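Nothing here was measured: the structure is a model prediction, and the numbers come from that model. Residue numbers run from 1 in the order of the sequence given. Note that these values count all heavy atoms, side chains included, but never hydrogens, waters or copies made by symmetry. Both counts, for ligands and for their atoms, begin at 1 and track the order of listing.
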Amino acid sequence: VSVPVSAADQTLDPERLRRDFPSLTRTVNGRPLAYLDSASTSQRPSAVLAAMRRYAEEYTANVHRGVYTTAEEATAAYETARDRLAAWLGVAREEVVFVRNATEGLNLVAMAYGRWALRPGDAVLLTEMEHHSNLVPWQRLAEERELRLEFLPVTDGGELDLGRLDEQLGRGVRLAALTHVSNVLGTVNPVSEIAARCHAAGAMVVVDAAQSVPHMAVNVRDLGADFLVFSGHKMCGPTGIGVLVGRRDLLEAMPPFLTGGDMIRTVHLRSATWNDLPWKFEAGTPSIAGAIGLGAAVDYLTGVGMPQVSAHSALLSRQLAARLADLPGVTVYGSSRRLGVVSFNVNDIHPHDLASILDRHGVAIRAGHHCAQPLMERFGVPAMARASVYLYNDSRDLDRLVEGVADAQRIFGVGR
Ligand SMILES: Cc1ncc(COP(=O)(O)O)c(C=O)c1O
């Protein structure tokens, strides 16, 4: 793509890429915006905004229904976006289902697959580092279907403790659902190894890839996922669109999730039959602009190069963790196997106060429980501050964060 700007940015040129993102040109409180909250939602490049605008201005129409020109163009653009995603993820197009976000994808798997396949007494294996989206749907299903929940523990170093995995799997686990990359610790979990052990024990594997797909090339087959979900808005795409990938034989066998228009083949007054894959799982008018925008995001990331994005996110987040850990009074959570995310606490300054002070510096980070309250309990804290990086961040954003942390310590009279 470009020439590196500093030793810290060997992998791609964030300064040049930043020009692709109109929302990053603004100032906040008199300073250029240092956006360090991409794990929450990423910024969108002009190419994505333009693709969505073209749909709005040139061929707005519903998909799959019309025989007129603009409807055919809309359908072609929507289905081409699916082809892009299928190729990107190494699966067949029939296995790519558009949903609203990762949360909806996980609810679909729990409510359509889990409710159909799991029997009272079966166990579901989760981990202590799951986002609420990969926890609460299983809790509800467990209550409804009388399932047991097992949890892989998290070590003090922020990694999954696999020491008792086989023993846990032996206790009737029929399905394991786990995150690929932790949205709090940044840990990249060894999913393919875990998936192989789950399959050997006869358990299906559901992967929450919300934090991995934006930062690394993910081949669903190589990973060993039977189902995998992610959101468009964390990978340069728009909000309101996400993807569920499911193994074709499972999607064919299981019942639909939402029902109504588009997902049917025939409807009579008292019965109905289902459409082919993937439309069986896409009830109602989908987010057409969202899918088109997401397809453009895949093209954009492919143009930059996923290996480059991955190396950049890993390098920058590891540098940030090391710089923060060097500051007196700062606790950094997580392991050296981190990708994109650094959570930390500064003395006893509440993360919300810290985030407000950083905002005065034009630095955007997130503070709170990060939709992972059990993980906060695990580490004995009510909340953490979290900085997350992406392809448009560089070491100057890290400098700004470190300066802001020092300012917060001065204001609170702690740390130095
Ligand atoms: C690991 C993980 N899973 C699931 C989600 C839920 O994503 P969404 O809110 O887009 O459904 C997030 C979002 O923060 C996440 O980080």
[atom] [closest protein heavy-atom partner, distance rounded to 0.1 Å]:
atom: atom 15 (C) of ligand 1; result: H131 CD2, 3.3 Å
atom: atom 11 (O) of ligand 1; result: T103 OG1, 2.5 Å
atom: atom 1 (C) of ligand 1; result: D208 OD2, 3.4 Å

Parallel, tilted or perpendicular: rings of H132 and H369 (30°, 60°): tilted

Distance-only polar pair, side chains of [X] and [Y], donor-acceptor under 3.5 Å:
X: D20; Y: Y300; value: yes
X: S42; Y: Y392; value: no
X: Y35; Y: D397; value: no

Only heavy atoms of [X], strictly under 4.0 Å: list the atoms of ligand 1 that pass.
X: T179; result: 1 (C)
X: Q211; result: 1 (C), 15 (C), 16 (O)
X: S231; result: 7 (O), 8 (P), 10 (O), 11 (O)

For [X] and ligand 1, answer yes if some heavy atom of the residue is under 4.0 Å from a ligand atom, otherwise no.
X: K234; value: yes
X: N134; value: no
X: H233; value: yes

Min N/O separation S133 to ligand 1 under 3.5 Å: no

Worked check of ring pair (Phe, Tyr, Trp, His ring centres under 6.0 Å) between H215 and Y390: CA-CA 8 Å; H215 293 278; Y390 208 10; 4.8 Å; yes

R400 and E403 ion-paired at < 4.0 Å: no

Lys/Arg-Asp/Glu bridge criterion (N-O < 4.0 Å) met for D37, R386: yes

